[in-house]
There are 2 protein chains.
Amino acid sequence: MKYQEAKDELIQAWGNLGYSWGLNKTMAQVHALLMISTRPMSTEEIMQELSISRGNANMNIRALLDWGIIERVSVPGERREYFKSEKDVWALARQVARERRKRELEPILKVLRKVNDVSGDGSEELKEFKRVTRDLKNFAEKSDGLLETFIRSEENWFWNTLMKIMK
Amino acid sequence: MKYQEAKDELIQAWGNLGYSWGLNKTMAQVHALLMISTRPMSTEEIMQELSISRGNANMNIRALLDWGIIERVSVPGERREYFKSEKDVWALARQVARERRKRELEPILKVLRKVNDVSGDGSEELKEFKRVTRDLKNFAEKSDGLLETFIRSEENWFWNTLMKIMK
DNA sequence: CTTTATTTTCAATATTTATTGAAAATTAAA
DNA sequence: TTTAATTTTCAATAAATATTGAAAATAAAG
């Protein structure tokens, strides 16, 4: 397999995976591009490489900055901005986990805590509702705690421990 | 908070969370409805409860069956079909993990294995590409293994072990 | 068979989300 | 300042996705 081919396929695949991680397709593709680049890239280069418009490039770059998985680089004597990606896969995963926790898990936890506190008669329906929301809440809280640990952890410690679990 | 209000809010919130789990919104709402229902529900009832069309209800019910998180129930002497959800949150999470692993992680792993095997000169670009894809592949393989363990595990064993990690 | 209840399909439509590109805003240098 | 390079915004448009509803298919009952 040739380099250009491999590169295109990776960017494509990363686009799909990123999508299922809560990024959008183009955002994930810009990220993939920066991941494999040996040097920071400008908006211009990103537009060109992915054949996307200036506006699109700009918005997705900003979204990636907002997620905290790429950063600005300024080159002395140059006016335009360059961007580079966090290359450490572990740090990347932690950052994504941090954002998803904030964007997805925390909101549902809030709702589960609230609705579990429903008032009313002792009907079968209500009992079932409380039982289900309590179970969901417990599960979500455990997941949240695990995620929290993951986010704070150091790579080796975390994997080593998990490896032991998995034997 | 009143029951009807709590129910609506849960269904809404579940719709959003389900979405970030790879289901679509309506699919997740149908699922939420069946989760809190004390008895199996028919297509008719689901349509009514969520104010959606027959076609929409039918398609999303089939998608849930396909994901393996709801099942058909036939009532003796009745012609129409009823549906019920897996109520065990743990079993549900494992099933979702199983499907996502199949639908998302396996495809990217396949690509990573393939592109890591790229041929070419000893250029800096190529070296970087190989380095990045190797790291991603390792990470994805570890995640895959962990997911595999999760899917096969028993609830208590898994959480107890994780609890120890988190101390 | 024929009738009738029920489920499934799918073209048309609506809704949501992503993308473009040109104009406006910003920023740094002259 | 003014000029020019660069970034940002955003209304218009395109593309993708979800939803409807009626017609077709299926399957049980008479």
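Residue Ser53(A) places its side chain closer to dT20(C) than to any other of dT20(C), dT7(D), dT20(D).
A side chain to side chain contact (heavy atoms under 4.5 Å, CB included) with Ile70(B) holds for exactly one of His31(B), Met27(B), Met41(B); it is His31(B). Tested against Val115(A), the residues Lys7(B), Glu5(B), Met1(B) include a single side chain to side chain contact (heavy atoms under 4.5 Å, CB included) partner, Met1(B). With Glu148(A) as reference, Arg101(A) is the one residue of Arg101(A), Lys102(A), Arg98(A) to meet the salt bridge (Lys or Arg N to Asp or Glu O under 4.0 Å) rule.
There is a side-chain donor-acceptor pair under 3.5 Å between Asn58(B) and Arg62(B).
In this structure, Arg113(A) does not pair ionically with Asp144(A), as no charged nitrogen and carboxylate oxygen lie closer than 4.0 Å. Of the charged side-chain nitrogens involved, at least one lies within less than 4.0 Å of a carboxylate oxygen, so that Asp135(B) and Arg131(B) count as a salt-bridged pair. Ion pairing between Glu45(B) and Arg39(B) holds under the 4.0 Å rule for side-chain N and carboxylate O.
In this structure, Met47(B) atom CE and dA5(C) atom P are separated by 16 Å, rounded to whole Å. Distance, Leu50(A) CG to dT20(C) P: 10 Å, rounded to whole Å. Atom CG in Asn60(A) sits about 9 Å away from atom C1' in dT19(C), given to the nearest Å. One can place CZ of Arg80(B) at 7 Å from P of dT7(C), the figure rounded to the nearest angstrom. Taking atom OH of residue Tyr82(A) and atom C1' of nucleotide dA5(D), one finds them 13 Å apart after rounding to whole Å. Regarding Arg72(A), its CZ atom lies at a distance of 12 Å from the C1' atom of dT26(C), rounded to whole Å. For the pair Asp66(A) CG and dT8(D) P, the computed distance is 13 Å after rounding to whole Å. One can place CD1 of Ile61(B) at 9 Å from P of dT7(C), the figure rounded to the nearest angstrom.
Heavy-atom nearest nucleotides on DNA chain D were determined for Met59(B) and for Phe83(A), and the one closer to the 5' end corresponds to Phe83(A).
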If the sugar-phosphate is the primed atoms plus P, OP1 and OP2 and the base is the rest, what is the B/S/- string for nucleotides 22-30 of chain D, using protein heavy atoms under 4.0 Å? -----BB--

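Side-chain N/O atoms of Asn58(A) include one lying less than 4.0 angstrom from OP1 or OP2 on dT8(D). A sub-4.0 Å separation between OP1 or OP2 of dT20(D) and a side-chain N or O of Asn56(B) is present.
A ring-centre distance under 6.0 Å is found for Phe150(B) and Trp90(B).
Heavy atoms from other residues, nucleotides or ligands lying under 6.0 Å from OH of Tyr19(A) number 12 at most.
Against DNA chain D, the stretch residues 7-45 of chain A makes no heavy-atom approach under 4.0 Å.
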